[in-house]
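Comments concern the structure below.
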Amino acid sequence: MPFLRLQAFLTTLLLLSPAAAPAGDFFKLTGHGGPIRAIDVSPDGRRLLTASFDYSVGLWRSGAPVWLEAHRAAVNAVRFVDASRAVSAGDDNDVRLWDLERGVSERLGGHKAKVVALALSPDRRLVASASWDGRIGLWPISGGSARFLEGHSAGVNDVVFSADGARLYSGSTDGTIRIWDVARGVQTRHMLEGHFGISALALDEEAGWLAYGGVDGATRVLDLESAREIADFTLQRRPILVMAFDAEKSRLAVGDGEGFIKVIDSRAWTVLRDFRAALRGPVWALAFSADGQDILAGGIDDALYSWPLASLGAGGLMGGSERSFLRDPASMDNGERQFQRKCSICHTLGPEGLRRAGPTLFGIFGRPAGGVSEYKYSRALREAAFVWNEDTIDALFDLGPDRFVPGTKMPMQRIAEPVDRNDLIAFLKQATKEREHQK
């Protein structure tokens, strides 16, 4: 087979989607420029949605992505509404409704802090958002005024609707699980309180139980009526970050901060599998395929991974590629270390740019603010009248992006020590110069 045809064939295999992949095959989808924060599978199983740190939502069909871009920061949650619509939310505090056919969105509204989870009512008319502002938003899909449920004393990490849509369950950093009357917008019950922060929920009302994961590693199941503990699958791994059901609600998958996925039989309450899914880093995103035969996961890699349940872990591990920001700090000089810590997850140094949350830093010295034509800047940077040089880069990290360019979508961070800022600038100048000589 000629080389180019072979290369195309291998690429096609790499990018197979669940609809196109042979049953029981491991695969991964690549293309994002940042960690994967959420996954959703369409009801017919033929399309996937991925939410990423690169500010994008990926719509995947037959292995090919369509990039949905409107968020101004990392996207943390995404859900199919139906075959033609989806909702997403992220670090920009916004909740957005997407027309998947046209690839455009409208802003339903926003919170006062990042949104980390979304849930859809069973009739698909209402979306609930969990935000670190301590509130739950209720957004009509067809438009109209949002309502907010208030009562948590800290950030809300997850929400889930009852089977009839009349109740909403919420878990929070304040260590409580609360139940809300959706129509009246009032809290009806504290199901759990006085515990470590609650990070993930899974509900089966028909079977009469609620599962939760905690920042302390707790993985427990409660009886809905009495709140009595039914089962405890807690291990010495923390935090629990995500939970997902298969279509029959017969299996519950749990992902944690140490890179493991645990699969639980939710009828017999036994552990079916407990496997390391990531070589390094957390499991942030989990979903089952529509037929329940595969587990899809995402984490610190720029890719979605899928394993057949029959051979979990076979084929590859997330985090197998070297992420620059995970390199041993002792292997770098101080300037490169500052770049890897502060800049590398959002920016590249090469002319290609890749799909990252921020524009490439190639040619940064002497470039006007907002000067990369392919990148969608915030209005603040588009209208800024300065040039990037030693002084402006120093001021950016001395003051912090939010003070240096008010309104920027750059993450809020500073480099307090002048010597560290000077070393970073020296590294950037040299790295750019070296790459220019390679052109």
Side-chain angles (χ1 to χ4, degrees), residues 32-40 49-58 67-79 86-98 105-119 127-137 139 146 148 152 154-159 171-173 197 199-200 215 239 241-242 257 281-285 298-302 304 323 325 341-347 355-359 375-381 396 400-414:
H32 273 295
I36 307 299
R37 303 302 304 269
I39 302 166
D40 198 31
L49 287 168
T50 49
S52 172
F53 188 87
D54 68 6
Y55 298 14
S56 300
V57 173
W67 301 115
L68 307 177
E69 298 180 321
H71 283 284
R72 299 163 293 123
V75 189
N76 298 321
V78 65
R79 297 281 187 184
V87 287
S88 62
D91 278 7
D92 57 2
N93 310 343
D94 286 350
V95 178
R96 305 195 72 90
L97 175 66
W98 291 92
S105 69
E106 62 177 292
R107 182 177 180 269
L108 293 180
H111 280 267
K112 297 177 181 178
K114 67 169 67 179
V115 183
V116 294
L118 296 171
V127 59
S129 54
S131 172
W132 281 14
D133 67 6
R135 301 183 300 166
I136 300 159
W139 314 87
F148 291 94
H152 282 292
V156 185
N157 291 320
D158 206 1
V159 285
S172 168
T173 303
S199 49
V215 298
L241 297 174
V242 63
V283 176
W284 275 314
I300 208 162
D301 262 12
D302 299 346
L304 175 150
R323 292 309 301 258
F325 51 82
R341 288 175 172 174
K342 299 291 185 178
C343 313
S344 66
I345 196 169
C346 293
H347 301 278
R355 291 193 57 80
R356 291 290 177 87
Y375 184 74
K376 295 181 179 179
Y377 288 93
S378 63
R379 181 177 179 180
L381 265 176
L396 172 74
D402 55 320
R403 291 184 59 194
F404 183 66
V405 187
T408 181
K409 60 184 182 182
M410 294 176 66
M412 291 181 288
Q413 57 182 328
R414 296 181 61 220

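The shown structure was predicted, so the numbers you read here are calculated from the model rather than taken from an experiment.
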Residues that Y375 engages under ring-ring contact (aromatic ring centres under 6.0 Å, His included), provided they are two or more places apart:
Y377

Between CG of D40 and CZ of R79, what distance do you get to the nearest 0.5 Å?
5.5 Å

With heavy-atom distances below 4.5 Å as the criterion, would you say the side chains of P401 and L396 are in contact?
yes

By salt bridge (charged side-chain N to carboxylate O under 4.0 Å, His left out), which residues pair with K112, not counting sequence neighbours?
none

Grab the two heavy atoms, one from D158 and one from A117, that are nearest each other, plus how far apart they are.
OD1-CB, 3.7 Å

Which residues satisfy the salt bridge (charged side-chain N to carboxylate O under 4.0 Å, His left out) test with K114, sequence neighbours excluded?
D91

For R107, side-chain contact (heavy atoms from CB on, under 4.5 Å) partners two or more places apart
D94, R96

For D54, all residues meeting side-chain contact (heavy atoms from CB on, under 4.5 Å), sequence neighbours excluded
H32, S52, S56, R355

List for me each residue that meets salt bridge (charged side-chain N to carboxylate O under 4.0 Å, His left out) alongside R403, sequence neighbours excluded, and say none if there are none.
none

Shortest non-hydrogen contact from H111 to S131?
ND1-CB, 3.2 Å

Taken in chain and number order and not counting sequence neighbours, the residues that satisfy salt bridge (charged side-chain N to carboxylate O under 4.0 Å, His left out) with D133 are R135

To check you understand the geometry: which heavy-atom pair defines the closest contact between V115 and N76, and what is its length?
O-ND2, 3.0 Å

Any idea which heavy atoms bring V405 and A380 closest together, and the distance?
CG1-CB, 3.8 Å

How long is the straight-line distance from CH2 of W67 back to OG1 of T50, given to the nearest 0.5 Å?
6.0 Å

Hey, is the main chain of D402 close enough, under 3.5 Å, to the side chain of T408 for a donor-acceptor pair?
no

Can you name the side chain to side chain donor-acceptor pair (under 3.5 Å) partners of N157, sequence neighbours left out?
W132, T173

For F53 versus C346, what's the shortest heavy-atom pair and its separation?
CE2-SG, 3.6 Å

Restricting to side-chain contact (heavy atoms from CB on, under 4.5 Å), what partner residues turn up for V78, sequence neighbours left out?
A38, L49, A51, V57, S88

Using the ring of each side chain (for Trp, its six-membered ring), is H71 parallel, tilted or perpendicular to W98, with breaks at 30° and 60°?
tilted

Qualifying residues under side-chain contact (heavy atoms from CB on, under 4.5 Å), relative to A77, sequence neighbours excluded
L118

On a heavy-atom basis, which atom in K376 and which in E69 lie closest, and how many Å separate them?
NZ-OE1, 3.8 Å

With sequence neighbours left out, write down each residue that passes side chain to side chain donor-acceptor pair (under 3.5 Å) with S199, or none if nothing qualifies.
none

